[in-house]
*Asks:* 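Before I ask anything, here is the structure I am working with.
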Amino acid sequence: MPMTPESPKPATIYDVARAAGVAASTVSRAFARPGRVSFGTAEKIRTVAAELGYRSVDMRRPMAQGRQRHGTIALIIADISNPVFFDMIRGAEEEAAKNGYTMLLAHTRESAVIEREAIERVLGIVDGIVLSSSRMSDAAIRAMAKQKPTLVMNRGVSGVASVVTDNARGMRRAIEHLGELGHRDLAYLAGPEASWANGMRWRSLKEGAHELGMRVTLVECPAPTREGGAAVAEQVLATGVTAVVGYNDQLAAGFMRRAQSIGYDIPGDVSVTGFDNSMVAELVHPALTSVAAPLHALGAAAVRNLLVLSRGVVQVPERPVVLPTRLVVRASTGRPRP
């Protein structure tokens, strides 16, 4: 009887580990708990796995028993006009497509009511939901997570999976940078009151200012937009502060534009720092110093973790997956005039 050639054996986790030069446990974490592995290592592991034709057991496992697979994921965005969301959306969509899912996008216009309505419309046709910068209450999010696998970006909610950037460390680096330049009196252009990230950034900024012997004043803004930053610019400049930190790049850019229009020099008269390092940071003049959040990686990590949860592979982690931030220094910050 003629012999037939044997089919090649499928690649194993140990094959991937050897090729990537890491431990098998690291490969396992890269697929099941990507937030526990550095971004560079995780990307290397995924590249090697793709080359070897390896797919993790977790991602091959079918949906939890009794749960119909729709092949779609919903991504709920607070403000689609904000450039900070562009890379998040791209990272999430690419990760969804890589795993055979289609992503639905809903824009809530910073409204908890619209957000809830959008979720109710898609709840029965998706396998999971990613909430980005949700404006709903913690209780409402927990209630929704009981109906459908849910992951929250940019916010920590007890009992619900989440992926966040390191707001505290990022804001600490911003105030240390301004302190090293010699600034002692700052203003913080606040984000939405319902924003978890805004609370984290303000708390870190306030604590850092106290430790460094600096004074920082919170300024409430009508909206987390360029228009919102422009609206409070004259009020802030009248206080005589030498530096301004924005909740996001949009507020910082709006403040800068208004300050320049009435004769202030940046950074000669006032230094300005933003947060997110979105495309806005390089479009303004002078270019904006900003805390860089790994936006593309944030979106991708959110979808990867959601898919693991949707298959019942792991329990909801007790703490958020935290991705690192860094300060990108540009021309909008300098030493105060004597």
Side-chain angles (χ1 to χ4, degrees), residues 34-35 59 63 67-137 140-145 147-157 160-165 191-192 194-198 223-226 248-250 275-280 293-311 320-321 323:
M59 298 311 292
M63 299 290 289
R67 188 181 292 163
Q68 179 185 358
R69 183 184 185 279
H70 300 282
T72 55
I73 298 169
L75 175 60
I76 313 298
I77 297 292
D79 180 6
I80 201 168
S81 66
N82 188 337
V84 73
F85 289 114
F86 294 169
D87 276 345
M88 282 186 201
I89 294 170
R90 192 161 57 88
E93 193 280 329
E94 289 173 2
E95 189 66 26
K98 188 162 63 178
N99 288 285
Y101 284 79
T102 299
M103 194 180 76
L104 304 180
L105 185 66
H107 171 214
T108 68
R109 304 193 292 279
E110 296 279 358
S111 167
V113 174
I114 296 175
E115 183 176 358
R116 190 190 301 270
E117 291 173 349
I119 291 167
E120 288 175 353
R121 284 196 296 270
V122 304
L123 206 56
I125 60 172
V126 297
D127 298 317
I129 296 173
V130 176
L131 301 176
S132 178
S133 302
S134 176
R135 300 304 181 232
M136 296 193 304
S137 68
I141 293 174
R142 279 192 288 266
M144 192 195 73
Q147 301 177 63
K148 187 71 65 172
T150 300
L151 185 139
V152 184
M153 278 198 291
N154 302 318
R155 177 173 171 181
V157 178
V160 181
S162 59
V163 178
V164 301
T165 55
S195 166
W196 178 85
N198 178 62
T225 61
R226 277 173 286 184
N248 62 12
D249 292 341
Q250 294 271 80
F275 202 108
D276 292 323
N277 197 39
S278 63
M279 65 176 67
V280 170
L295 304 175
H296 186 280
L298 188 69
V303 169
R304 281 197 300 274
N305 281 272
L306 177 69
L307 293 180
V308 171
L309 288 172
S310 72
R311 289 169 170 78
V321 174
L323 301 186

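What's counted below: heavy atoms across the whole structure, side chains too, no hydrogens, waters or symmetry copies.
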*Asks:* Does the side chain of Asn82 come within less than 4.5 Å of Asp276's, by heavy atoms?
*Replies:* no

*Asks:* Ser132 pairs by side-chain contact (heavy atoms from CB on, under 4.5 Å) with which of Ile77, Val163, Val152?
*Replies:* Ile77

*Asks:* In Å and rounded to the nearest 0.5 Å, what is the CD to CD distance from Gln147 to Glu120?
*Replies:*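 Result: 8.5 Å between the selected atoms.
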
*Asks:* Could you list the residues that satisfy side chain to side chain donor-acceptor pair (under 3.5 Å) with Glu94, not counting sequence neighbours?
*Replies:*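 Expected list: His296.
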
*Asks:* Please lay out, stage by stage, how Ile89 and Leu105 fare under the test side-chain contact (heavy atoms from CB on, under 4.5 Å).
*Replies:* CA-CA 9 Å; Ile89 294 170; Leu105 185 66; 4.1 Å; yes

*Asks:* State, to 0.1 Å, how close Leu123 and Lys148 come at their nearest heavy-atom pair, and which atoms those are.
*Replies:* O-CE, 2.9 Å

*Asks:* How about Val84 and Asp249: do any of their side-chain heavy atoms sit closer than 4.5 Å?
*Replies:*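 A side-chain contact under 4.5 Å is absent here.
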
*Asks:* Which residues satisfy the side chain to side chain donor-acceptor pair (under 3.5 Å) test with Arg90, sequence neighbours excluded?
*Replies:* Asp87

*Asks:* Applying side chain to side chain contact (heavy atoms under 4.5 Å, CB included), name anything that partners Pro83, two or more places apart in sequence or on another chain.
*Replies:*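 Counting only residues at least two positions away or on another chain, Pro83 forms a side chain to side chain contact (heavy atoms under 4.5 Å, CB included) with Phe86, Gln250, Ser278, Met279, Val280.
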
*Asks:* To the nearest 0.5 Å, what is the distance between CD on Glu95 and CD on Glu93?
*Replies:*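 Glu95 atom CD to Glu93 atom CD measures 10.5 Å (nearest 0.5 Å).
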
*Asks:* Can you name the nearest heavy-atom pair linking Ile73 to Ala96, along with the distance?
*Replies:* CD1-CB, 4.2 Å

*Asks:* Would you check if the side chain of Ser81 reaches a backbone N or O of Asp79 as a donor-acceptor pair within less than 3.5 Å?
*Replies:* no

*Asks:* Who are the side chain to side chain contact (heavy atoms under 4.5 Å, CB included) partners of Thr102, not counting sequence neighbours?
*Replies:*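 Side chain to side chain contact (heavy atoms under 4.5 Å, CB included) list for Thr102, sorted by chain: Thr72.
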
*Asks:* For residues Ala293 and Thr165, report the shortest heavy-atom separation together with the two atoms involved.
*Replies:* CB-CG2, 3.6 Å

*Asks:* If you look only at distance, which donor and acceptor atoms sit under 3.5 Å apart when one is on a side chain in residues 110-119 and the other is two or more places apart or in another chain?
*Replies:*
unit_1 : atom_1 : unit_2 : atom_2 : d
Glu110 : OE1    : Arg135 : NE     : 2.6
Glu110 : OE1    : Arg135 : NH2    : 3.0
Ser111 : OG     : Val113 : N      : 3.3
Ser111 : OG     : Ile114 : N      : 3.2
Glu115 : OE1    : Ser134 : OG     : 3.4
Glu115 : OE1    : Arg135 : N      : 2.9
Glu115 : OE2    : Ser134 : OG     : 2.5

*Asks:* Can you check whether Asp127 reaches Pro149 side chain to side chain, under 4.5 Å on heavy atoms?
*Replies:*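 Side-chain contact under 4.5 Å: no.
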
*Asks:* For Asn277, enumerate each residue passing the side chain to side chain donor-acceptor pair (under 3.5 Å) test, keeping only those at least two apart in sequence or located in another chain.
*Replies:*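 Applying side chain to side chain donor-acceptor pair (under 3.5 Å) to Asn277 gives Arg330.
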
*Asks:* Identify, with sequence neighbours excluded, every residue that meets side chain to side chain contact (heavy atoms under 4.5 Å, CB included) alongside Ala92.
*Replies:*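 Only Leu75, Met103, Val303 meet the side chain to side chain contact (heavy atoms under 4.5 Å, CB included) criterion with Ala92.
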
*Asks:* For Ala74 versus Val122, what's the shortest heavy-atom pair and its separation?
*Replies:* CB-CG2, 3.9 Å

*Asks:* My understanding is that only residues two or more places apart in sequence, or in another chain, count here; which of them pass side chain to side chain donor-acceptor pair (under 3.5 Å) with Ser133?
*Replies:* Asn154

*Asks:* How far apart are the C-alpha atoms of Thr150 and Leu131, what are their side-chain angles, what is the distance that settles it, and do they pass the side-chain contact (heavy atoms from CB on, under 4.5 Å) test?
*Replies:* CA-CA 8 Å; Thr150 300; Leu131 301 176; 4.2 Å; yes

*Asks:* Of all the heavy-atom pairs spanning Ala145 and Val160, show the shortest one and how long it is.
*Replies:*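 Where Ala145 meets Val160 most closely, the heavy atoms are CB-CG2, 4.0 Å.
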
*Asks:* Return the set of residues passing side chain to side chain contact (heavy atoms under 4.5 Å, CB included) with Val164 (not counting sequence neighbours), or none when no residue passes.
*Replies:*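 Scan of Val164 (side chain to side chain contact (heavy atoms under 4.5 Å, CB included), adjacent residues dropped) gives Trp196, Pro320, Val322.
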
*Asks:* Taking all non-hydrogen atoms of both residues into account, name the closest pair between Met88 and Leu298 and its distance.
*Replies:* CE-CD2, 3.6 Å

